[in-house]
Amino acid sequence: MRLVLVGPPGAGKGTQAQFISAHFAIPHISTGDIFRANLSAGTPLGLEAKAYMDKGDLVPDSLTTAMVKDRLLQGDVATGFLLDGYPRTTGQAAALDEILREIKTPLDVVLEMQADEDEIVTRLLARGRSDDSEEVIRHRLKVYVEQTAPIISYYRNAGILQSINGLGAVAEVTERAIAALTR
Ligand code: AMP
């Protein structure tokens, strides 16, 4: 199973990604987690990403795609993978297609988690991460609508999009996700 999880910040992607990747026994690859790990380790990549992350802006495609390519060339993705938080722009979606063509493993499915804006802001404010001030949250949502949402129609046109309602109890949403992925 090779899948991408897409949805606005606060839709519960990270939480669901853990359950879904355990269910299918595939690695969970979160670009946000990789950036945060680099940040705490003080690597050059982490330092470069920090300014964008603090503002709620996207890290440039070139940096992000190089990092993902590196990860997708590791041996453990042979059984599949769950990408969480990548791609986030149409440029990244095209780059991902290119990487997957090179390693001859097309995507099986893109799962969209839907959630409304008020619920998202409430959830993110409760999470309390350092990039979760209300101003940065609103900016991340704007970035999502402008830069990430267009990839949804890209994958719909490719015939591999599944969408689920991301609201409700965690276990309920996991059930919906797994049902959509095994449809
Ligand atoms: P996340 O944990 O997915 O909410 O990501 C946290 C932050 O990391 C985002 O606000 C971006 O600054 C950066 N980031 C994560 N994934 C990407 C991506 N695919 N492209 C660009 N920036 C990203």
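Start at 1 and go down the list; that is how both ligands and their atoms are numbered.
Crowding of Tyr154 atom OH: a count of heavy atoms from other residues, nucleotides or ligands under 6.0 Å exceeding 12. Crowding of Phe24 atom CZ: a count of heavy atoms from other residues, nucleotides or ligands under 6.0 Å exceeding 12.
In this structure, Ile137 is not a member of the same hydrophobic cluster as Met53, with clusters built from ILVMFWY side-chain heavy atoms closer than 4.5 Å. In this structure, Leu181 is a member of the same hydrophobic cluster as Ile26, with clusters built from ILVMFWY side-chain heavy atoms closer than 4.5 Å.
Contact annotation: His139 has no heavy atom less than 4.0 Å from any atom of ligand 1. Taking a 4.0 Å cut-off on heavy atoms, Lys55 fails to register as neighbouring ligand 1.
When the heavy-atom distances from atom 8 (O) of ligand 1 to Met53, Arg129, Lys13, Lys50 are ranked, the shortest goes to Met53.
Close approach of ligand 1 to Gly85 (heavy-atom distance below 4.0 Å) involves ligand atoms 16 (N), 17 (C), 18 (C), 19 (N). Interface atoms of ligand 1 facing Thr64, defined by a heavy-atom separation under 4.0 Å, are 18 (C), 19 (N), 20 (N), 21 (C). Close approach to Thr31 involves these atoms of ligand 1, each under 4.0 Å from a residue heavy atom: 15 (C), 16 (N), 17 (C), 19 (N). Taking every non-hydrogen atom of Tyr86 and a distance limit under 4.0 Å, the qualifying atoms of ligand 1 come out as 19 (N). The ligand atoms of ligand 1 that sit less than 4.0 angstrom from a heavy atom of Arg140 are 10 (O). When each atom of ligand 1 is checked for a heavy atom of Gln92 under 4.0 Å away, the hits are 18 (C), 19 (N), 20 (N), 21 (C).
Between Arg138 and Glu117, at least one side-chain N (NZ, or NE/NH1/NH2) sits under 4.0 Å from a carboxylate O, which counts as a salt bridge. Salt bridge annotation for Arg71-Asp76: present, with a cationic side-chain nitrogen under 4.0 angstrom from a carboxylate oxygen.
Of all the heavy atoms of Leu58, the ones lying under 4.0 Å from any atom of ligand 1 are found in both the backbone and the side chain. With a 4.0 Å heavy-atom cut-off, ligand 1 is reached by the backbone of Asp57 but not by any atom from C-beta on. Counting heavy atoms under 4.0 Å from ligand 1, residue Arg36 touches it through the side chain alone.
Put simply, the side chain of Ile29 does not reach to within 4.5 Å of the side chain of Tyr86, judged on heavy atoms. Here the side chains of Ile20 and Leu111 are in contact, with some heavy-atom distance below 4.5 Å.
From Leu125, atom CG reaches atom CD of Glu134 across 5.5 Å, with rounding to the nearest 0.5 Å.
Of the N or O atoms in Arg88, one or more lie within a sub-3.5 Å distance of an N or O in ligand 1.
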